[in-house]
Amino acid sequence: MKLPTTTHQNLLRDLLKPLPPPSTTVLRHSSTTPPPTPPPEQPPQTSQIGSPITQITTILKTTPTTHWPSNTTLQPLLSSLTPHSFLKLTRHLPSSKTSLDFFNYLKKSTQPLTDTNTDKSQHLESLSSIFQAVLEHIQRENPNNVKGLYEVFTSYKDESFPLSINSITLLLRSLGKARMFEECFEVFDYVGKEFRNAHVVNSLGESLLRVGRVDDAFKVFDELLEPDALFRPNNATLDIVLENVLGRYWSGRRVGDEEIVGFVSRSAENGAFPSSWSASKLFSSLCRRGGDVGKAWELLHELFEFGVVIETHGCNALLAGLGREREYKKMTSFMKEMEERGIKPDVVTFGILVNHLCKFRRVDEALEVLEKMKDEVSVEPDVIIYNTMIDGLCKVGRHEEGLALMEQMRLHPNCAPNTVTYNCVIDGLCKAGEIEKARQTFDTMNEEGLNPNVITLNTLIDGMCRTGRVNSGMVFYNDMLGKGMKGNAITYSILITAYCNAANIDKAMQLFDEMSENQCSPDAILYYSLINGLCHAGRMDDASLVMSKMRQAGFHLDIVSYNVMIGGFCRRNKLDKAYEMLHDMEEAGVKPDRVTYNTLISFFSDKGDFVTAKKVMKNMTSDGIVPSVVTYGALIHAFCQADKLNQAVKLFWNMCSATKVSPNTVIYNTLINTLCKSDRVEDALFFMDHMKEKKVKPNTTTFNALLKGFQEKQWLDKALHLMDEMVEQSCSPDYITMEILTEWFSSVGEIDKLRKFIQGYEVHDSTSQTASKLCDI
DNA sequence: TTAGGGTTAG
């Protein structure tokens, strides 16, 4: 074998084309496909007895190798054969050894009859064919004998004949499968660019991808995409790349979406397109959570332009991605486009549409889609789409309609409600506070023979906990454990959070410790919740312990949990510990955010250390975080607490004029409350007016502060006006309002007015229009 | 297609 020379180049390249389709097509497929198998040997038929191939085969089989040169009938018969006939003939020989003998014999003892280039090339091509058959024999005799193949290659590579494409791919696939990549590259380099067509490149590239050598594979594939490339990728190239890179069990370097899209796009420009199956897989992958849907959209349209068929499945993936990104307009236009291109929407297409409409509370539109698919497109809704719709209805508080739809399901064939249907309905009832009904529905479900799953449990337990029945939730869970069901991290998360909220930290910790006994391991959310509960309860030692357990389990604190911990330490006056957390954050590469700064500013200013508070505020600004209404609120509150009312008011005006920060209810409340307590009720009223001017809504706290101030001043008339204002704004009195007014109004004999106020009537003028109107009714 | 969490000023 000799490296192709320029004089031979064109001839050699011609060799690539005329190879017979059977072997070429078989070899082109994946390496799991067995190598071409010669037809089973048959006894020579009468009509074939005289054919040269049969005659030669008989001679070769019956004559010892050493006698071949002296056989006078052999030589003329051989000179009449085409290269392809040589391939067929050699495949019929009994073994690799005989085939190799034949190859050597032919190489030495036969010469082209004439010395023309055509004859020379014919001769070389014949040798190529025979050599290919030799390799095929070796592989068939022992598919694991990769070394044998490689040895034959190395001992013959310096002979002056080219390797056929099939020989190259056979070598590359076998060596690749045996992970002999050094040898693979030796063959690849040896054959030279002139022989590295798509089949050859695909063979090596696929082997590399299979073992996760992505970068090497892409380097190899890129050869086909170079501007001056001799060969272009084929459709199989794309399928190989996509199937291997998007694989579920992929263990190599994660290939970025951009890289994949770039490859597909460049291949399409070179006339190679993915099969509709791998295109579907590609779009599913690009549109998955966190994927780049915009890129997927562009690529899909690019492929559409090239006339590539993308089936419903792939379009559905894009549609789901658009839904996730709230691109409703694009969703609608894309569905139209699908229709124009003759891509039929299926039940999944409509499912995606219904799901995303529901997720954004556009439930009525979702109901319309459901009707439309039944009536106009005649796609029968399935259980999933009904479940989606029922969940959507329940999530917006329309659980009655959800229940009705569940009944409707029973009327459809193959659409009976399943566990998920019940889970959605139970959740709807729980969220509506109808725990008893939810419990009954759970029983109905069991009576119908449907098995509840862990989601059913969690939904019910959560419903109980949120309505203050934590112990019922716990009892229910233990009941279910007794019946052989199992909880998971979410079950514990629900119960632990509920116990923390109920200030039963010990029970929460006990559950946390018990989890592992029930084969449950906490996840990040559970850790975050527990840390939060412990910090709020001031149990910082426990919080620190849980934090270190969390780290041991391989989870990291995020910025919110750091803030929770820092806030907890500050409340406990443990500044050193708070600093430790800040140091930790820095090491973990988590940057402080506005909440971190506000927590610290609040801490220092509450302690009266306004100098340090201002320093922190300065750092905040230089860190690129703009002080917010909470920052100013913390400082104003602290000034008020420290009897520095004038500084508080000054900062308020400074905030209003020098920054873009608008005051909120809390800040007004702080000022109004402090002014009233300092006997400056008039000034407090001024801020109340300012508040209205700025369209900031007062709340019960605002009214309570003023009412208390009016009580001190015995301004009964003003108080009645203010109470009317509360009624007008539907601002409900709370226990503090009642305390102030009961004491005051009973002492001045106006308890009737208070009664009217509680009933929601205006009180300033007992003959006022509203009151009389309401009394008439 | 169904279930869980958290931060700062009062």
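Per chain, numbering begins at 1; letters A, B, ... match sequence-line order. If you're wondering where the values come from, they're calculated on a predicted model, not measured in any experiment.
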- Involving DNA chain B, stems made of at least three consecutive Watson-Crick or G-U pairs, both distances under 3.5 Å: none
- Query: salt bridge (Lys or Arg N to Asp or Glu O under 4.0 Å) between A:Arg539 and A:Asp506: does it pass, once the steps are laid out?
  - Reply: CA-CA 10 Å; A:Arg539 306 247 307 231; A:Asp506 292 332; 3.0 Å; yes
- Item | SB check A:Lys372 A:Glu365 (cutoff 4.0 Å) | no
- For A:Phe350, check ring-ring contact (aromatic ring centres under 6.0 Å, His included) against everything at least two apart and list the hits. none
- Among A:Asn563, A:Asp623, A:Thr621, A:Thr631, find the one that has a side-chain hydrogen bond (donor to acceptor under 3.5 Å, both in side chains) with A:Tyr597. A:Asp623
- Item | Touch class at under 4.0 angstrom, heavy-atom based, for A:Asp606 against every strand present | nothing
- Distance-only side-chain donor-acceptor flag, A:Thr421 / A:Asn387, under 3.5 Å: yes
- Message: Using a 4.0 Å heavy-atom cut-off, does A:Asp523 contact any base of the nucleic acid, only the sugar-phosphate backbone, or nothing at all?
- Response: base
- Query: Counting any heavy atom closer than 4.0 Å, what does A:Asp391 reach on the DNA or RNA strands: base, sugar-phosphate only, or nothing?
  - Reply: sugar-phosphate
- When we call it a touch if two heavy atoms are under 4.0 Å apart, what does A:Thr701 touch: a base, just sugar-phosphate, or nothing? nothing
- A:Arg410 bridged to A:Glu407 by N-O distance under 4.0 Å: yes
- So, A:Thr456 versus A:Asn453: side-chain donor-acceptor pair below 3.5 Å or not? yes
- Item | Short side-chain donor-acceptor distance under 3.5 Å, A:Tyr328 and A:His356 | no
- Salt-bridge contact A:Asp479-A:Lys483 (side-chain N to carboxylate O under 4.0 Å): no
- Query: Under 4.0 angstrom, heavy atoms only, what part of the nucleic acid is A:Asn532 near: base, sugar-phosphate, or nothing?
  - Reply: sugar-phosphate
- 5' to 3' on DNA chain B, which nucleotides open and close the contacts with chain A (atom under 4.0 Å from a heavy atom)? B:dT1 to B:dG10
- Just call it for A:Val630: base, sugar-phosphate, or nothing, with non-hydrogen atoms closer than 4.0 Å on any strand. base
- Describe the nucleic acid contact of A:Asn664 in one word from base, sugar-phosphate, nothing, applying a heavy-atom distance below 4.0 Å. base
- Query: NA contact type, A:Ile494, heavy-atom cut-off 4.0 Å: base, sugar-phosphate, or nothing?
  - Reply: sugar-phosphate
- Reckon A:Ser493 touches a base, only the sugar-phosphate, or nothing at all at heavy-atom distances under 4.0 Å? base
